[in-house]
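Heads up: the structure comes next, in structure tokens.
Sequence lines set the chain letters: A, B, ... in the order given, protein chains first and strands last, and positions in each chain run from 1.
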2 protein chains.
Amino acid sequence: MKDVALRAGVSRTAVSFVLNDRHAVTLSDETRDRVLAAAAELGYRPNASARALAQQRSDWYGLVTEIVTAPFAVNVIKGAQDRALLDEKYLLIASTESDPVVEQAAIERLLEQRVEGIIYAATWHRAVTLPEIAREVPTVLVNCFDAEGRFPAVVPDEHAGGRRATERLLAAGHRRIGLINLDPAIPAAVGRRLGYHEVLREAGIAPDEDLEIPGHATAHGGYDAASALLDLADPPTAIFCANDRMAMGAYDAIKERGLRIPHDVAVIGFDNQELIAEYLRPALTTVALPFEQMGALGVDLLAATIAGESTATETVTVDCPLLERVSV
Amino acid sequence: MKDVALRAGVSRTAVSFVLNDRHAVTLSDETRDRVLAAAAELGYRPNASARALAQQRSDWYGLVTEIVTAPFAVNVIKGAQDRALLDEKYLLIASTESDPVVEQAAIERLLEQRVEGIIYAATWHRAVTLPEIAREVPTVLVNCFDAEGRFPAVVPDEHAGGRRATERLLAAGHRRIGLINLDPAIPAAVGRRLGYHEVLREAGIAPDEDLEIPGHATAHGGYDAASALLDLADPPTAIFCANDRMAMGAYDAIKERGLRIPHDVAVIGFDNQELIAEYLRPALTTVALPFEQMGALGVDLLAATIAGESTATETVTVDCPLLERVSV
DNA sequence: GTGAAAGCGCTAACAT
DNA sequence: ATGTTAGCGCTTTCAC
């Protein structure tokens with residue numbers, strides 16, 4: 001920076017002002033141009049650490065997540081990263097491996113880097129408990145929530161998603177709609193099922209216990225559950241699978257019986273796991289979990305929290321859009 | 001830090017030494033303990049920026065990749081991150097969106113953060129040309145290579161992978177083996193095909209042009225190609241699909257004809273795209289692209305390059321292991 | 001509009 | 001074994 005000042009024939013102060021677009025003092029355009037030219041010629045590149053030190057502000061957010069398993073995580077990261085960049089904030093990504101010890105160490109590292117806040121993202125919607133040190137800095141939850149509501153959070157609207165899927169099937173003329181659900185203990189299963197019931201009732205259809213199976217959340221589980229459903233004396237003409245992997249298995253069960261999708265049996269999924277939903281034949285209509293958007297909203301919420309514009313316990317609910325393909 | 005020194009009743013120098021495990025000077029264990037205790041009590045946390053400034057060393061590597069599309073990217077990130085952590089280096093992840101402008105800006109940002117080196121990872125194996133500024137700092141390529149060989153790189157051994165898949169099919173007794181390949185212009189297609197030919201010839205089987213189809217790299221493409229293959233007068237008894245998505249489509253074509261996998265037709269894939277390979281029914285035997293390992297090796301290579309232990313143009317080739325499931 | 005000067009938190013000679 | 005001291009590159013206040 002000294003070199004730039006020298007070359008432009010001005011003070012370091014002036015350089016600093018120009019480079020940071022400060023208008024506290026007025027600089028002539030000519031001076032500005034000279035400084036900028038000098039910086040360009042010298043290939044000057046500000047040193048982020050020095051700036052962070054001087055300003056006592058890192059311009060970083062930390063994003064902690066179980067990066068391992070999840071194609072989902074990458075979408076949250078992307079959404080958060082893009083949004084953060086708009087504010088010229090950068091994302092430090094730390095993975096927890098779903099291991100409390102690793103997690104603690106990861107957060108510790110973020111704090112050493114003096115992140116201004118933390119976004120804690122889960123790969124499936126659930127309650128989490130953060131290690132105490134996460135409180136040292138503003139923290140928001142994405143796709144998860146604090147059991148005691150101590151952190152702001154952004155979560156998907158499972159309930160509305162369940163409604164949406166069911167409504168779509170109803171709109172296609174189905175009246176006997178099966179539900180292959182997830183582990184009944186998790187928020188996704190509860191919410192989606194609730195929406196399903198609600199919509200059925202509103203349509204004057206009494207939910208039929210036989211049509212609901214809490215499946216094992218894999219293709220195999222979906223296959224087994226769909227087989228059971230299809231072998232019913234009065235089988236459903238449509239199946240709402242609470243995730244795409246199970247829908248994948250359901251496809252096999254349906255095809256095995258010589259039935260056609262969607263002609264004989266309509267299928268609707270949940271998650272929009274693109275590799276599956278898009279490439280299944282026929283392509284799967286499904287309700288999307290908007291991870292990217294959740295990541296972006298997480299950053300928004302974090303920024304608001306840091307700015308003190310958000311109540312400590314605000315929960316943002318985000319809509320799960322329906323992706324129409326051809327399985328309904 | 002001053003506070004810690006004060007509390008421990010020693011100099012800041014001593015604190016710095018203890019905290020950094022320096023043995024240049026010998027400190028009594030008692031002093032060490034006192035310092036450590038004071039640091040713990042005060043909840044002292046070193047400031048990474050300050051340290052980076054003072055040491056002129058950031059302890060960071062930059063990882064640039066097209067984070068968007070790829071479930072693959074996440075594995076490279078994981079491998080690189082874990083490996084970097086072993087050296088107490090951290091990863092700054094920047095996404096390019098496959099857009100040169102974004103890419104340039106991303107690298108610029110990394111350089112401002114004074115990363116010590118850059119790992120440039122592609123989501124599919126190909127030649128790339130890096131922006132000039134990437135040369136300002138040691139850079140290695142992962143899953144891609146510089147057309148002019150100016151950067152060290154780690155790439156998968158497509159050729160060996162092609163051999164491995166073909167050998168597996170041969171071992172299962174197949175003699176008529178179809179190949180549904182990728183776009184013939186890309187390294188993956190060239191290498192895998194080469195391996196396939198080689199192994200066939202070694203087994204005394206003349207490659208049959210009819211059995212080779214350059215497919216469109218989607219489930220649809222795989223379906224079409226497999227259909228063509230199966231409708232041949234003398235159809236293959238096994239199909240080597242150059243990626244798992246096409247294998248997914250091939251499954252449909254096979255099942256549609258009332259044939260069973262692997263009994264009537266064996267299928268082997270490539271990529272080990274877990275969502276597909278694992279959940280397909282029957283689960284797909286496939287050759288894995290070891291992204292995680294490539295990420296780790298990328299970090300190794302970068303470390304070596306920085307240390308001056310690597311020739312500028314070294315290319316590390318990494319093996320693609322066979323994952324046995326049940327489709328062969 | 002400019003320049004001097006202090007300071008951000010830490011490291012590392014060097015002298016003691 | 002400990003203290004002193006001079007930076008690292010930048011920001012920011014203040015007097016000019």
Side-chain angles (χ1 to χ4, degrees), chain A residues 1-36 38-39 42-60 88 90 108-116 136-137, chain B residues 1-36 38-39 42-60 88 90 108-116 136-137:
Chain A
M1 197 167 111
K2 194 171 55 186
D3 299 341
V4 175
L6 231 53
R7 174 148 194 150
V10 302
S11 67
R12 286 175 41 186
T13 312
V15 175
S16 177
F17 281 7
V18 170
L19 263 27
N20 292 298
D21 255 331
R22 292 215 151 280
H23 297 290
V25 213
T26 346
L27 296 177
S28 69
D29 282 359
E30 200 253 313
T31 316
R32 288 181 49 84
D33 291 348
R34 235 169 356 150
V35 170
L36 291 171
L42 261 35
Y44 170 77
R45 213 186 292 290
N47 179 318
S49 297
R51 173 177 293 181
L53 228 208
Q55 290 189 146
Q56 294 294 83
R57 183 160 63 76
S58 64
D59 283 331
W60 288 352
E88 304 204 54
Y90 306 119
E108 205 93 49
R109 245 180 286 124
L110 294 180
L111 292 176
E112 290 192 359
Q113 306 289 344
R114 296 297 186 269
V115 294
E116 297 172 14
E136 289 187 23
V137 98
Chain B
M1 196 166 109
K2 194 171 55 189
D3 299 341
V4 175
L6 231 53
R7 172 149 195 148
V10 302
S11 66
R12 286 175 40 187
T13 312
V15 175
S16 177
F17 280 8
V18 170
L19 262 28
N20 291 297
D21 255 332
R22 292 217 152 279
H23 296 289
V25 216
T26 346
L27 296 177
S28 69
D29 281 0
E30 200 253 313
T31 317
R32 288 180 49 84
D33 291 348
R34 232 165 2 142
V35 170
L36 259 19
L42 261 33
Y44 170 78
R45 213 187 290 290
N47 180 317
S49 297
R51 173 178 293 180
L53 228 208
Q55 289 190 147
Q56 295 293 84
R57 185 159 63 76
S58 64
D59 282 332
W60 287 352
E88 304 205 55
Y90 306 119
E108 206 93 50
R109 244 179 288 123
L110 293 180
L111 293 175
E112 290 192 359
Q113 305 290 344
R114 296 297 188 270
V115 294
E116 297 172 14
E136 289 186 25
V137 97

Using nucleotides 4-7 of chain D, report all nitrogen or oxygen pairs with the protein that are shorter than 3.5 Å.
from   : atom 1 : to       : atom 2 : distance (Å)
dT4(D) : O4     : Thr13(B) : OG1    : 2.8

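Taking atom CZ of Phe17(A) as the reference point, atom P of dG3(C) lies 13 Å away to the nearest angstrom. Gln55(A) places its CD atom 6 Å from the P atom of dT11(D), with the value rounded to the nearest Å. Across the protein-nucleic acid pair, Arg45(A) atom CZ and dC10(D) atom P stand 12 Å apart, rounded to whole Å. We find that CZ of Arg57(A) is positioned 13 Å from C1' of dT12(D), with the value rounded to whole Å. Rounding to whole angstrom units, CD of residue Glu30(A) and C1' of dT2(C) are separated by 15 Å. One atom, CG of Leu111(A), and another, P of dG9(C), lie 16 Å apart when rounded to the nearest Å. The interatomic distance linking Arg51(A) (CZ) with dG9(C) (P) rounds to 18 Å, in whole Å. Rounding to whole angstrom units, CG of residue Leu42(A) and C1' of dG9(D) are separated by 15 Å.
Checked against dC10(C), dT2(C), dC10(D), the side chain of Thr31(A) finds its nearest nucleotide in dT2(C).
The phosphate of dG9(D) has OP1 or OP2 within less than 4.0 Å of a side-chain N or O from Gln56(B). Regarding contacts with the backbone of dT11(D), a side-chain N or O of Ser16(A) is found under 4.0 angstrom from either OP1 or OP2.
The side-chain contact (heavy atoms from CB on, under 4.5 Å) search around Ala54(B) returns none, not counting sequence neighbours. Remark: Arg34(B) engages Glu30(B) in a salt bridge (Lys or Arg N to Asp or Glu O under 4.0 Å) (not counting sequence neighbours). Under the salt bridge (Lys or Arg N to Asp or Glu O under 4.0 Å) criterion, Arg45(B) pairs with Glu108(A), Glu136(A), sequence neighbours left out. For Asn47(A), there are no side-chain hydrogen bond (donor to acceptor under 3.5 Å, both in side chains) partners at least two apart in sequence or on another chain. Looking at residues two or more places apart in sequence or on another chain, you find a side-chain contact (heavy atoms from CB on, under 4.5 Å) between Arg109(B) and Leu85(A), Tyr90(A), Ala105(B), Ala106(B).
When Leu19(A), Val35(A), Asp3(A) are each tested for a side chain to side chain contact (heavy atoms under 4.5 Å, CB included) with Tyr44(A), only one passes: Leu19(A).
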Show your reasoning for whether side-chain contact (heavy atoms from CB on, under 4.5 Å) applies to Glu116(B) and Asp59(B).
-> CA-CA 7 Å; Glu116(B) 297 172 14; Asp59(B) 282 332; 3.8 Å; yes

